[in-house]
**Q** 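Provided herewith is a single structure, encoded as structure tokens, for subsequent inquiry.
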Amino acid sequence: MPQPVPSAAASTSNDTLISKAKSHLLQNYKQQPIVLVKGRGTRVWDADGREYLDLIGGVATCALGHCHPDLVAAAHAQLDSLWHVSNAFYSQPQIDLAAQLCEWSGFERAFFCNSGAEANEALLKLARKVMKDRGTPERYEVITFERSFHGRTLATVTATGQPKYHAGFEPLPAGFHHVPYGDLEAVRRAVGPATAAILVEPIQGEGGVRLAPEGFLKGLRALCDEKGLLLLVDEIQTGMGRTGIPFGFMREGIRPDAISMAKALGNGLPIGAMLCREDVGASLSPGSHGSTFGGNLVAAAAANAALKVIRQPGFLDEVTAKGAYFLGRLREIQGKLPPGRVVEVRGQGLLVGLEVDREAPQVLGKLREAGVLGNAAGERTVRFAPPFTVTREELDQSLAIIERVLMAL
Ligand SMILES: *Cc1c(COP(=O)(O)O)cnc(C)c1O
């Protein structure tokens, strides 16, 4: 059982706060029944003072752990000088962030927003506008993939290839086609005179941590070149070094036309970005798109500090090494369990999925009670996205708990 840490206890208990939550919060989430009040690195504490190893970090957002000192200092300094000016004016944190992201990613232009869904909206609007500007306004459709996840706004939820997220919200916006992930021939068959772009995740995160087969992104790039389509890559979960390289698309040495990012960009402060090539970026001309809060100064300051840490020489090699160690040890555990209990261990870098033989929340509840936090990706996959700063000791401690919980199922 997790050890109580009295100094971290809130004045109100988990149970009291959760009953208040149930009276007032919209009941649209399936929340785990703890109230988290404090975090440091890989560890968090709940309102009763219980400690947990946080292997999900705000759903892959807190990539440098909770309260990383460099990020806290950067956000504090910004809070003390200027919070927000909107995009009616320039601001230095945003200018610096655009420069850092362009240098790191190889794109020429950055647009800032507040979330993943908004970053994908920017991609979708970009695709339509580029086709209008090229004199082919009949091209507005976007091909996306089954089991993909692109967000919850009407357009991005329609792009999402999971019918359960569509149910009840029809009529959905026109212009989206879903094809099986990894099937290049199916994509080719789906391309028609109305196709404008292909939108793809390098690894399907929410869809169950499913890796694209080797050569898939390269094949999509070639197809887009052949047919005059835009290749849009959703790097919201895979960007910022999560898979051990800056962006997932880089594994195949391709250059997309544009990408979206969010999750780990502000290490938990809300910020999203769309990065694109000069030629397509010109289509979003002055006044054509925007956001009031996009690129907020405090979030941008935290993102600049996060990038500085992640871009240190050798830092991402550590992410690769820790990820390989974690995956290897999980596969060892899989081998010790009754056959079939863990169906598959998948992942890359520190984005890891454990497909189990039952509903993921059942396993997640037992893990939480034993002191390890994860979350579900798809129906039967337990997802872990530990902070890049996780130590071997913390991984070992987590693995011992995971093994014990899976053994006792
Ligand atoms: C989380 C996620 C989104 C949605 O991001 P929000 O910030 O929740 O809008 C979109 N695409 C991918 C791949 C994601 O992982």
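As the structure lists them, so they are numbered: ligands from 1, and atoms in each ligand from 1. Here the structure is a predicted model, which means the values were calculated and not measured.
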**Q** Give me the ring orientation class for Phe293 and His84: parallel if the planes are under 30° apart, tilted from 30 to 60°, perpendicular past 60°.
**A**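 Ring orientation, 0 to 90° scale: tilted.
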
**Q** Taking only residues two or more places apart in sequence, or in another chain, which ones meet Glu206 in a side-chain hydrogen bond (donor to acceptor under 3.5 Å, both in side chains)?
**A**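 Testing Glu206 for side-chain hydrogen bond (donor to acceptor under 3.5 Å, both in side chains), a comparison that skips the adjacent residues, returns Gln237, Arg383.
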
**Q** Going by the rule side-chain contact (heavy atoms from CB on, under 4.5 Å), which residues pair with Pro361 if we only count those two or more places apart in sequence or in a different chain?
**A** Glu359

**Q** Mind checking side-chain hydrogen bond (donor to acceptor under 3.5 Å, both in side chains) for Glu379 and listing every partner two or more places apart, or none if nothing turns up?
**A** Lys164

**Q** Given a heavy-atom cut-off of 4.0 Å, could you list the residues near ligand 1 in chain and number order?
**A** Ser115, Gly116, Ala117, Asn120, Phe149, His150, Gly151, Glu201, Glu206, Asp234, Ile236, Gln237, Lys263

**Q** Would you please classify the geometry between the His289 ring and the Phe111 ring as parallel, tilted or perpendicular, with 30° and 60° separating the classes?
**A** tilted

**Q** Would you confirm whether the ring centroid of Phe107 sits within less than 6.0 angstrom of the ring centroid of Phe247?
**A** no

